[in-house]
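Presented below is the structure to which this report refers.
Letters A, B, ... are given to chains in the order of the sequence lines, protein chains preceding strands, and every chain is numbered from 1.
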Amino acid sequence: MSMNVTLGREDIVRLCERVEGAQTRAYAIPKLTDEYPNMTIGDGYAVQLELRRRFLAQGHRQVGWKAGLTSKAKMIQMGVNVPSIGFLTDRMARPENSAIKTSDLVHPRVECEVAFVMKKTLKGPNCTRQDVLDATDYVLPAVEIIDSRFSGFKFDLPSVVADNGSSARFVGGGRARYPADIDLRTLGVVMEKNGEIVTLGASAAVLGHPAEAIAMLVNILAELGEELPAGSFVMSGGITEAIPVKPGDSIVARFQELGSVSMRFIE
Amino acid sequence: MDQQKITAYGDELYEAWLACRPVRPLLEREPDITIEDAYQIQERFVARRVQAGETIIGKKIGATSKPVQDFLGVYQPDFGMLLSGMVYQEGDTIDLATLIQPKAEAELAFVLKADLKGPGITAMDVIRATDYVLPCFEIVDSRITDWKIKIQDTVADNASCGVYVLGKTRGDPRKLDITLAGMVLEKNGELFSTGVGAAVQGSPANAVAWLANTLGELGIPFKAGEVILSGSQSALVPVVDGDELVCTVGGLGTCSVKFSGRSKA
């Protein structure tokens, strides 16, 4: 993947302000490539990193990263062969079993994911699945609440990368486990909305193994000149399809070996 | 439907199975056929196979997932009989020439250690009566042209059962989370689909309880030692010569199967 940046500083700041406005005030915007058709993935990451710089300057704390577009179906749909990544901050975290406001989101959707908490710093390139497992303190179940700021969830890769991979909220919970104690490839997952099963799968849906997605994330970070620090919370990508939620909805994600994560949505 | 027609359709499906030559959908010819009629046709079809030397060794449960139920327009499972001629061992190569239009499904199989006599059977009774569970493949096949089936067609056709393969790793449902155990299906070394036990009626044990209760009402015995295929946890996989499938049930083990030759349709 090329991280070639073609846009000038002025355009990057302009696009960043547009994304930041949409994120903080919860409104939909057209995808960025409508105005910048030649925008590259490298440009998208430049906008994302500018967004992170601004958030950190405002006092947000980065807690980790997320991988997105990790299923074969999504990659084919987007015409890419690597996942996308986005940063996670303390402001996006919500506790297990909490009521999550939707009035500050555009059109939220929920996905089941396996999350990793790192005990050692990882640095790419050439990070492997085994490197990830060796550097992991524990894994836990998580639900990511994604919220594309683009109208109708319609976007391309440079736009979604600039929008921080549609990151919005996340809930970690359930039961922490050592990765060596379970088979991370075959974990069954069920998502229930208001007591009804709405989507299901097994963890191999994420690039064959969730740790594979973390390894790719570390290698993308290397291309951006970054490493994955010890203590990071990292979400490995949706095992299940993204399910729309609205006020009044209650979500329970049940994971083999990892327990469950629940939340409800309010105005 | 009168007994003569039931016998005639049962015989027709038996001949279709024997010759590997599919027939027109029954419902196209008999629009008023009921599900009860269809089970009687199935009984005749199975009886012909038993007369020809096979024995009934278990049951299969079909139409257990929401996508399949939506497709068939029914909101309950169906069942068919497992016969001794359907069994393959793990690692065997299945000769496609013995089938018409096969597709594979990854499932969890139950082997009972006690009789289950419905009605009134719950999932808890099923766990208590279970000797062990196994990963397995059911190779479904339809004696109806181009799989143009409605619920009555598939029920009459022994729930579209073809052959099946049991894995070798036995699991105890008191130790394995059969509801949340993941199902990973690979075709020729590549990930094909994933699923989970809960895809089957909320839990495979619920499907087996449904079967015990349904059989109880019909007066069909459900005995210790029988094998029960509890319903598909994967997408349907069309198979051709040279294909190799592996399914893995999380926390349990794998089942693998190979295919050779050419199916009839």
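Counting heavy-atom neighbours within 6.0 Å of A:Lys154 NZ, excluding the residue itself, gives a total of 12 or less.
Of the two parts of A:Leu187, only the backbone, made up of N, CA, C and O, holds a non-hydrogen atom closer than 4.5 Å to a non-hydrogen atom of chain B.
The two residues B:Val184 and A:Ala202 have their closest heavy-atom pair at CG2-CB, 4.0 Å. For B:Ala198 against A:Val190, the heavy-atom pair with the smallest separation is CB-CG2, 3.4 Å.
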Is there any N or O donor on one of chain A and chain B with an acceptor on the other under 3.5 Å, and could you list each such pair with its distance?
residue, atom, partner, partner atom, Å
A:Lys72, NZ, B:Glu190, OE1, 3.0
A:Arg185, NH2, B:Thr248, OG1, 3.2
A:Thr186, O, B:Gly182, N, 3.3
A:Gly188, N, B:Leu180, O, 3.3
A:Ala202, N, B:Thr194, OG1, 2.9
A:Gln256, OE1, B:Gly182, N, 3.0
A:Gln256, NE2, B:Gly250, O, 2.9

